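Shown next, in structure tokens, is the structure this report addresses.
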Amino acid sequence: MLWVGALALLCSVQSTFQTDAGLKGRITQKGLDYGRQVGMEVLKSQLQKMVIPDISGTHHVPVVGDVDYTVSGIQIQDFQLPESVVGLSPGTGIKLSISNAKILITGYWHVKVMFIRDSGSFDLSVDGLTISAVLGVTHDESGRPAVWNAGCSSNVGGLHVTFHGGASWLYNLFTGALEGPLRGQLNANLCPEVDTAIGQLEGILKTIQVSAQIDPFAEIDYSLVSAPQITDQNMDLDFKGEFYNVGHHSEPPYTPAPFSILGQSDQMLYIGVSEFFANSAGFVYFTSGALQINLTDNMIPKESPIRLNTESFGAIIPELPKRYPSMPMMLHLSALKQPMLTCQPGRLDLAASGSVAAFVILRNSTLAPVFLLQLDSTVKGQVFISEQKISGSLALNNFTVSLTHSDVGPFKVETLQTMLFWALQLVVIPEVNAKLREGFPLPTIANLRLVTPTVTVNQGHMLITTDVQY
Ligand SMILES: *[C@@H]1O[C@H](CO)[C@@H](O)[C@H](O)[C@H]1NC(C)=O
Ligand SMILES: *[C@@H]1O[C@H](CO)[C@@H](O)[C@H](O)[C@H]1NC(C)=O
Ligand SMILES: *[C@@H]1O[C@H](CO)[C@@H](O)[C@H](O)[C@H]1NC(C)=O
């Protein structure tokens with residue numbers, strides 16, 4: 001019973017992870033309209049490659065008898081798509097309709113009637129061509145988007161043939177016979193071609209990456225956690241959006257808080273980045289031991305009057321230079337718990353706490369511990385977006401220092417606090433900022449580039465608003 005209970009608990013925890021997204025995306029009608037422009041070019045080239053088989057048949061003409069005809073070498077010369085509309089099909093996917101399309105086709109004709117044979121070429125124009133197709137959109141078990149053909153219909157309006165070469169009385173005999181089958185052939189081929197195109201798209205989607213390694217420690221999981229939610233306004237996508245340790249996946253002790261992208265639809269694309277996404281990064285770097293740094297004197301800018309040695313610290317801790325005269329020191333800073341980011345309208349705050357272990361570097365390079373401090377700080381963050389990555393910077397807000405242990409007698413921590421403030425300000429923060437500037441890549445599909453992206457901070461998440469270019 002216990003085992004079953006534990007399993008049930010595990011499954012319910014698992015399902016929480018499955019439904020709450022760390023990253024969200026929204027594609028709007030404007031985004032679809034742009035996609036239509038790109039899609040039309042693809043469709044046009046697809047239809048131009050369409051192969052129409054030769055047509056032959058017999059047509060009975062009173063008095064004259066049977067007319068045997070063959071039409072061959074049929075090629076689509078031009079395809080015009082003046083009117084096309086892309087919209088959302090709520091609950092299913094994307095609907096596409098093309099109307100009043102025109103096609104210009106050329107080919108050769110051969111006729112045999114009684115003992116007479118004749119041949120020539122022809123031009124055929126088709127107009128009033130209509131195709132309506134619905135592209136179903138969902139996700140597969142690997143978290144990739146998946147598409148299917150959720151319906152297609154086509155209709156061909158007018159069809160006009162002009163013959164060249166040969167004797168006009170002959171081809172006039174079978175013109176009527178030709179138009180019907182040609183229309184039928186065309187109609188029968190349009191939807192299968194749409195189906196082929198959808199199959200190719202599905203093939204491309206199968207190859208997209210759903211995770212990306214950032215550095216030796218971390219990778220990001222971008223997989224879809226649920227099928228896209230499609231209304232008549234927007235298509236909303238829920239991505240896992242979580243950092244993991246490379247090689248082994250362990251979950252942080254908190255889950256993403258639900259959030260949504262509300263009432264936004266003027267730009268092509270919206271990307272919601274949750275606190276959870278950022279904090280899962282903090283968790284990974286903390287648990288993999290990456291959140292630590294050793295400060296030595298050579299890392300302190302030359303201009304600084306405060307040096308990392310026993311003489312400089314002597315002003316605060318007189319016992320230090322007495323015991324270790326004129327010796328270099330090292331500070332080992334490490335996080336005590338993972339830094340936590342909070343998003344509030346217009347601001348980002350990062351709370352971090354760490355320990356500072358101070359050592360004297362002895363002549364034989366041995367480190368002699370002298371004191372241990374705890375440091376709690378709040379940091380204000382900024383976030384930037386450029387090209388296809390998100391990056392940030394930090395500025396120290398305030399911090400407090402408390403003495404945990406001293407091997408060199410009691411001393412006033414307040415004075416040390418000022419000194420450490422500068423150490424953080426001049427060395428640690430620039431180091432962290434250099435790392436943050438490198439940024440984290442955003443999910444990319446094919447050759448989509450973000451155009452004029454902006455980022456705003458809302459309660460619990462950041463919202464990236466952008467147009468895209470293919
Ligand atoms: C800091 O220095 C200590 C002692 O030399 C060493 O064991 C540790 O690996 C160093 N840590 C980093 C992050 O360089
Ligand atoms: C380094 O020097 C200190 C004192 O000078 C001594 O106590 C320590 O044993 C020495 N360590 C090594 C590895 O020689
Ligand atoms: C640090 O800043 C935060 C937020 O501005 C504030 O709540 C906190 O009291 C400050 N701490 C100190 C020690 O000034």
Side-chain angles (χ1 to χ4, degrees), residues 213-219 243-248 250 252 278-302 304 306-314 317-340 350-377 379 392-394 396 399 401-409 416 419-440:
Q213 186 166 341
I214 305 304
D215 57 25
F217 300 107
E219 61 187 351
F243 281 76
Y244 282 114
N245 276 308
V246 171
H248 67 100
S250 61
N279 287 329
S280 70
F283 178 74
V284 165
Y285 289 108
F286 174 67
T287 53
S288 60
L291 301 183
Q292 51 175 299
I293 184 173
N294 284 339
L295 297 187
T296 48
D297 191 61
N298 58 13
M299 293 161 78
I300 297 193
K302 297 235 175 338
S304 169
I306 302 166
R307 307 308 316 177
L308 207 42
N309 59 35
T310 52
E311 297 307 318
S312 265
F313 275 85
I317 317 165
E319 179 66 17
L320 194 57
K322 272 188 214 149
R323 208 179 292 180
Y324 304 103
S326 298
M327 283 188 176
M329 291 178 69
M330 186 193 88
L331 299 180
H332 176 73
L333 273 67
S334 63
L336 283 173
K337 53 187 184 203
Q338 80 148 99
M340 289 296 279
L350 188 74
S353 73
S355 66
V356 181
F359 299 93
V360 170
I361 305 169
L362 301 182
R363 309 242 185 266
N364 59 12
S365 299
T366 305
L367 297 173
V370 284
F371 59 84
L372 182 66
L373 304 171
Q374 179 168 339
L375 190 146
D376 296 289
S377 63
V379 173
S393 78
L394 298 178
L396 199 57
F399 76 13
V401 167
S402 54
L403 185 63
T404 309
H405 174 78
S406 172
D407 293 303
V408 284
L416 195 62
M419 208 165 146
L420 277 171
F421 178 81
W422 288 107
L424 287 174
Q425 193 81 315
L426 295 170
V427 188
V428 182
I429 295 284
E431 186 105 353
V432 174
N433 278 344
K435 183 84 187 151
L436 287 176
R437 247 196 315 275
E438 288 169 20
F440 305 109

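As the structure lists them, so they are numbered: ligands from 1, and atoms in each ligand from 1. As the structure is a prediction and not an experimental result, all values here were calculated from the model. The chain is numbered in sequence order, starting from 1.
Within the listing of ligand 1, atoms 4 (C), 5 (O) sit less than 4.0 angstrom from a heavy atom of Leu367. Listed by atom number, the atoms of ligand 1 under 4.0 Å from Asn294 heavy atoms are 1 (C), 2 (O), 3 (C), 8 (C), 10 (C), 11 (N), 12 (C), 14 (O).
For atom 2 (O) of ligand 2, the nearest protein heavy atom lies closer than 4.0 Å. Put simply, atom 9 (O) of ligand 1 has no protein non-hydrogen atoms near it, under 4.0 Å away.
Between Phe313 and Phe371, the angle of the ring planes lies from 30° to 60°, which puts this pair in the tilted group. Using a 30° and 60° split on the angle between ring planes, Phe217 and Tyr285 fall in the perpendicular class, above 60°.
Among all protein heavy atoms, the one lying closest to atom 13 (C) of ligand 2 is Thr366 OG1, 3.8 Å. Summary of contacts: the protein heavy atom closest to atom 4 (C) of ligand 2 is Leu362 CD1, 4.2 Å. The shortest contact between atom 12 (C) of ligand 2 and any protein heavy atom is with Asn364 ND2, 3.2 Å.
With a 4.5 Å cut-off on side-chain heavy atoms, Asn433 and Ser393 count as touching. Looking at heavy atoms from C-beta onward, Leu291 lies in side-chain contact with Pro339 at the 4.5 angstrom threshold. In this structure, the side chains of Val432 and Lys435 stay at 4.5 Å or more apart for every pair of heavy atoms.
Taking every heavy atom of both residues into account, Phe286 and Ala335 meet most closely at CE1-O, 3.3 Å.
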